[in-house]
K.L.:
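Before I ask anything, let me first share the structure, which is written out below as structure tokens.
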There are 4 protein chains.
Amino acid sequence: MTEIDPTTRRRIVDALREQRIETPSWGYGNSGTRFRVFPQPGVPRDPYEKVADAATVHRFTGVTPTVALHIPWDRVDDYAALAGYAAEQGIALGTINANVFQDDDYKLGSVTNPDPAVRRKAIGHLVECIDIMDATGSRDLKLWFSDGTNYPGQDSVRERQDRLADALRQTYDRLTGEQRLLLEYKLFEPAFYMTDVPDWGTAYAHCLDLGERARVVIDTGHHAPGTNIEFIVAFLLRAGKLGGFDFNSRFYADDDLMVGSADPFQLFRIMHEIVLSDALGPRHGVAFMLDQCHNIEPKVQAVIRSVLNVQEATAKALLVDVAALTAAQRSGDVLEANAVLMDAYNTDVRPLLREVRAEMGLDPDPVAAYKRSGHLERVSAERVGGDQAGWGA
Amino acid sequence: MTEIDPTTRRRIVDALREQRIETPSWGYGNSGTRFRVFPQPGVPRDPYEKVADAATVHRFTGVTPTVALHIPWDRVDDYAALAGYAAEQGIALGTINANVFQDDDYKLGSVTNPDPAVRRKAIGHLVECIDIMDATGSRDLKLWFSDGTNYPGQDSVRERQDRLADALRQTYDRLTGEQRLLLEYKLFEPAFYMTDVPDWGTAYAHCLDLGERARVVIDTGHHAPGTNIEFIVAFLLRAGKLGGFDFNSRFYADDDLMVGSADPFQLFRIMHEIVLSDALGPRHGVAFMLDQCHNIEPKVQAVIRSVLNVQEATAKALLVDVAALTAAQRSGDVLEANAVLMDAYNTDVRPLLREVRAEMGLDPDPVAAYKRSGHLERVSAERVGGDQAGWGA
Amino acid sequence: MTEIDPTTRRRIVDALREQRIETPSWGYGNSGTRFRVFPQPGVPRDPYEKVADAATVHRFTGVTPTVALHIPWDRVDDYAALAGYAAEQGIALGTINANVFQDDDYKLGSVTNPDPAVRRKAIGHLVECIDIMDATGSRDLKLWFSDGTNYPGQDSVRERQDRLADALRQTYDRLTGEQRLLLEYKLFEPAFYMTDVPDWGTAYAHCLDLGERARVVIDTGHHAPGTNIEFIVAFLLRAGKLGGFDFNSRFYADDDLMVGSADPFQLFRIMHEIVLSDALGPRHGVAFMLDQCHNIEPKVQAVIRSVLNVQEATAKALLVDVAALTAAQRSGDVLEANAVLMDAYNTDVRPLLREVRAEMGLDPDPVAAYKRSGHLERVSAERVGGDQAGWGA
Amino acid sequence: MTEIDPTTRRRIVDALREQRIETPSWGYGNSGTRFRVFPQPGVPRDPYEKVADAATVHRFTGVTPTVALHIPWDRVDDYAALAGYAAEQGIALGTINANVFQDDDYKLGSVTNPDPAVRRKAIGHLVECIDIMDATGSRDLKLWFSDGTNYPGQDSVRERQDRLADALRQTYDRLTGEQRLLLEYKLFEPAFYMTDVPDWGTAYAHCLDLGERARVVIDTGHHAPGTNIEFIVAFLLRAGKLGGFDFNSRFYADDDLMVGSADPFQLFRIMHEIVLSDALGPRHGVAFMLDQCHNIEPKVQAVIRSVLNVQEATAKALLVDVAALTAAQRSGDVLEANAVLMDAYNTDVRPLLREVRAEMGLDPDPVAAYKRSGHLERVSAERVGGDQAGWGA
């Protein structure tokens, strides 16, 4: 079983203290399936209340200092004011997520729509998002397109790629300074026959064409069954093209469950590749974000739990004895190499994380502390009237 | 290539004339994904207008004389009046579909909910559906439960089975006369970790326990990747437990596309098993129903097209030279047996179906005739104001 | 984090001491893929040497007192002699596995072959296996059929079911005393279009027809992607029809990797259902077997590791605070119920298992002890000449 | 229904006459699964007899003038002599397929093996294959690597990519003149946890790095469930990086069934993308190859049938009314666009292909003609004694 010396322990603790995970504003709002969106008490009614919930998560976990916005769901008149409110709450505004899938115009696509007027409108929205980034100081524009087709023959695969390339180019060229374009891929849903950016290869090819500040985002729920996600992580890190993660869990499709709840071993393997490539820290440009739907469970508590799950996977990844692993790999000792990895995975890292939190001045058990805090009861009482935030589908 | 003698041809034509396909009231309403429901012009605003659309489909196809209802989406004060209206339009009310997935109470399940009060409410709805069947004269109660759990540990798998068995028993015992209970299964969605009736084996086991008038319904979109659906068809037919189909198409999950649009060869293989077991006619108790979502395409035209797709698969299945097939199978001639099947599949049956329609006094090209009829333009003009029907998610 | 009182701890330790896992004779022989079987040094050359390897595993783990045989791979002239040798080595002969997939006659199937002569031959082999059970005192006949078809139309799905039912009936009726028939299912491979027993529903239906001593075996690698295996476990336990497991791991298809190496959380969830139904002990009739292929790793060590993986999953399952779990489930507290389960899963149970082994007079680290023992080096030196055992494909 | 004018018909007939499909030498040899290789009468015993079988297929189909070789399975002392023999038979030697997966050294990989000596040996084999290409005049070196790992941690994902890149570079740099390197990808098998070239994105990225004469090969059976293969075809054509196809069919994994037998509609959609990009003819550099295993069916007849299946899909693709399709796509008429595509698919093209064959001086029904020819009976009588060709696993 893993025995670690004080130096190593210190290194691990420091890495865990410095870890940063961004939470999504929409994760605090209502969500559901096409069958039903079940409302929950205390759900935010506007971007300010979402920011407040994100700040609450940061208060208990200490590692979620930013909140991602979704435009237009989080559109406000004054982004500086929203950023100021966030700062008061102890966090900052993070990644800007474009949304070009909810206008009637987008029924047959946004940037890949056969109608050039619709494409112009969609590109206009992407540019608007960069305007917002200028106002919020956000670094990253995250693009996920619902674009695709439902039936064979519905539209030209190649022409849609041409349109996509054009839209990405116009958007990329609008970026300034340190701003980045993160391109997400997804196998299916809501398009059912063909998605215009269905896999990492497509996203990678477009990012290569765009330039250095274009990178691929991996949503852990967006793959075909059997896909080895950590391979993609390692490949993109090797190529310098991994922009970040949208973390969540899935058993079947894009279930958007709490990260680490469906296959915690997979999450560990992903974080192991991150650690091996020394890409955990913020300076490496990999954005660790949650993208989840808490359809039936209380949202703030679920986000806290998700953050803990990422922390635990990270701690285990940091525990891997890389020297022993490499030695076993080099010598072709299959069972020993696997055993070194599993030894770290099988370690209970919760005591270590409690120490990290104690060092950070946090309650060692953030879920219990949150429940004791009465936050859910308070916002349930306060947030009555108005329209609860949701996807607005 | 298939050469058929006049007697065989007559038998095939007669079978195609007698074929019956039920269309779903909800297929005429708006639908979409969790990301967006795109409204369409001319969509019905109440059950009467849905019935009118179903009758329109029957007018052009001649083989869809019934429409399935979904309660509470199609709840009316006077079912006799609705049935009378349907009769005026030339069709009848068909299968009653229960819906126990849209009340806030059902967030954690309906008939398998841990709360006995919720279970009682859900069972009450199932009984109400049988009351409606008594009023409409419908034979079949079709049950699909969204029940399940999203997270490991969330609820007891076994206890939920006990609750399910109890609810099914209470419902089954309420049936009278020729009424039947059709139980549908589904791998996932909206539950993401565990579905209480995930596969045909579970549905079959419960139907066996219930009794003779309980049968399994196969929704062609509700299986894991790689599932051989025609095997299930053949198995259930052999066991006398196939109650019917919810036809639709899928590439990935429960996409609910037009039947025959994603894998027409699979649809043919399914209909081949039906024909082999002589289960095409209504007297065999297999209900052929559509269950589709026309999210981006015009709905009535899409339903007509779907009906044609089923007819074409059926015609091909009827063309299979069973004597030659059996001879090849018995002699272990793999390539010849496959060739006999493919010969029928590769035949263009559209000329034959045009003849069938001409015999029936229909336009040989129902889609073209529908488009010429100006129906969509008319209802688009008439059906303004009010609330378009939809899933009400 | 899980705190357990001494009484509970004692109960857990006792359960772990009493746990029984059967190892497969063929797991000690060579295996591979259709691309290549890589031979390994020290591989057994006959059933006696396989039994010796199984006994070696038992010597280090203490929980694998039986070895499953595969006929004809393990055919010997004198089964009493083989049983006596096993007893000398400290183990016993266990489940008899029939093999009707390697004769030229079986190209188009064994018990479902269109040729009645081939079917008779196959049934003859099944009966021979029961003769062997009479000689070895084995309780269980485990049946896995490679039967199926590669092409649509190749053979009649229904007639193959009739033939299967007939063969199972003849075999079942030959059983005496406590003997049981365990029927395994598999989605695909080596048949690629249709498998005659593709899923648990098919196996269950046949076992129901056969009678009380017919039960379903779950091979954890034999399912479609996305299948919830623990649901099947719970369902079959509820129905009294779970006969046992063939444990192994898979990422994609029937990979036959070491159990617990691909998705240890799934293995834990399976064992959780076992524990919940109090089906861990031998008196409940669930046979826990390994069925693995160690294509590239040393075999005895891999089997030992696999046994440890099952023990760890079992220990975690025994740690679940069922009272707290049930309370959370009943109250609909999704996050708490999940947390109770995860708390057990996240516990490092290796210290507990070391204590169990110490109590049993075993080395607390069986893998290290095995490596120190020099067993592999010894058999590699001894077992030269002759033909290494393998699948003989 | 599709009505075509004489000019269009002529264009289609000419395209079908000029179509070229390469058959694989190993498709004429024995093959099977890990469970069993069933031998067949008349199977070739050496490369010459395989070439003879390939020539037989060409004699009946007229569109398969080359045969792909697999080294070392088809290693001969004198490749010029083999090429001469092929010429006498009316065909030529085609693509050279490297095989670095059957030596004991390759247990843990070939070009990605942790041992540099093994990597050198593997690269040596790749270079040897180019030597053979120099001798045979073959244009394409097709590389498929079985390399990968079975267990998490077994080896470094990134380092294996480095080794792969190095081996590909050394091989690519050895090419001369018009020679090309075609890189194939595969999701899994025989590696079960991680494959070093698992998807088109990985192959594409490496080919981009290598240079113009490196292209991606699509084996239609090498994808995860739900993958839209025609999207990949269209994407690679757009990027100028589609090198060719290994055609076959699958229901589940890499089943290697006859192309067009599992999902003929998919094959049509693939050929539709080919036709849309005008990539059918040989001058576009897309190699159309079969890569199949006829485990239970007669091999030459199965290859002929496969060729017909590709021809039928091609004919249907050529029938698509592209002008009507484009018009419907541009106007956003989902149902009409789909209908245009389906109209071509639903057409029975077998009469057209019979005319094509008659024009070419061939029997219009190649399967029937082959069966009448007595070829199988003749080679079954002649080819006795010696070792039948096979994979040699």
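Every chain is numbered from 1 and lettered A, B, ... according to where its sequence line falls, protein lines coming before strand lines. All heavy atoms count here, side chains included; hydrogens, waters and symmetry mates do not. What you see is a predicted model; the values in this text were computed from it and never measured.
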K.L.:
If you count every heavy atom of other residues, nucleotides or ligands that lies below 6.0 Å from B:Asp104 atom CG, does the total exceed 12?
P.N.:
yes
K.L.:
Using heavy-atom distances under 4.5 Å, tell me whether B:Glu189 contacts chain A through its side chain, its backbone, both, or neither.
P.N.:
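Both backbone and side chain.
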K.L.:
Taking heavy atoms only and a threshold strictly under 4.5 Å, list by residue number the residues of residues 246-262 of chain B that touch chain A; give 'none' if the list is empty.
P.N.:
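B:Phe251, B:Tyr252, B:Ala253, B:Asp254, B:Asp255, B:Asp256, B:Leu257, B:Met258, B:Ser261 fall under the 4.5 Å cut-off.
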K.L.:
Please give me the minimum heavy-atom distance between A:Phe192 and B:Thr33, naming the atom from each residue.
P.N.:
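Heavy atoms of A:Phe192 and B:Thr33 come nearest at CZ-CG2, 3.9 Å.
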K.L.:
Test side chain to side chain contact (heavy atoms under 4.5 Å, CB included) on B:Ile296 and A:Gln154 and set out the steps.
P.N.:
CA-CA 11 Å; B:Ile296 60 169; A:Gln154 179 185 325; 3.4 Å; yes
K.L.:
Hey, is the main chain of A:Arg36 close enough, under 3.5 Å, to the side chain of B:Gln102 for a donor-acceptor pair?
P.N.:
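Absent.
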K.L.:
So which atom in A:Phe35 and which in B:Phe101 form the shortest heavy-atom distance, rounded to 0.1 Å?
P.N.:
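Closest heavy-atom pair between A:Phe35 and B:Phe101: CD2-CE1, 3.8 Å.
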K.L.:
Which atoms of B:Leu187 are under 4.5 Å from chain A, going by heavy atoms: the side chain, the backbone, both sets, or neither?
P.N.:
both
K.L.:
At a heavy-atom separation under 4.5 Å, does A:Asn99 approach chain B through its side chain, its backbone, both, or neither?
P.N.:
neither
K.L.:
Using side-chain heavy atoms (C-beta onward) and a distance below 4.5 Å, is B:Arg34 in contact with A:Pro190?
P.N.:
no
K.L.:
I need the contact set between residues 146-153 of chain B and chain A: heavy-atom distance under 4.5 Å, sorted by residue number.
P.N.:
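B:Asn150, B:Tyr151, B:Pro152, listed by number.
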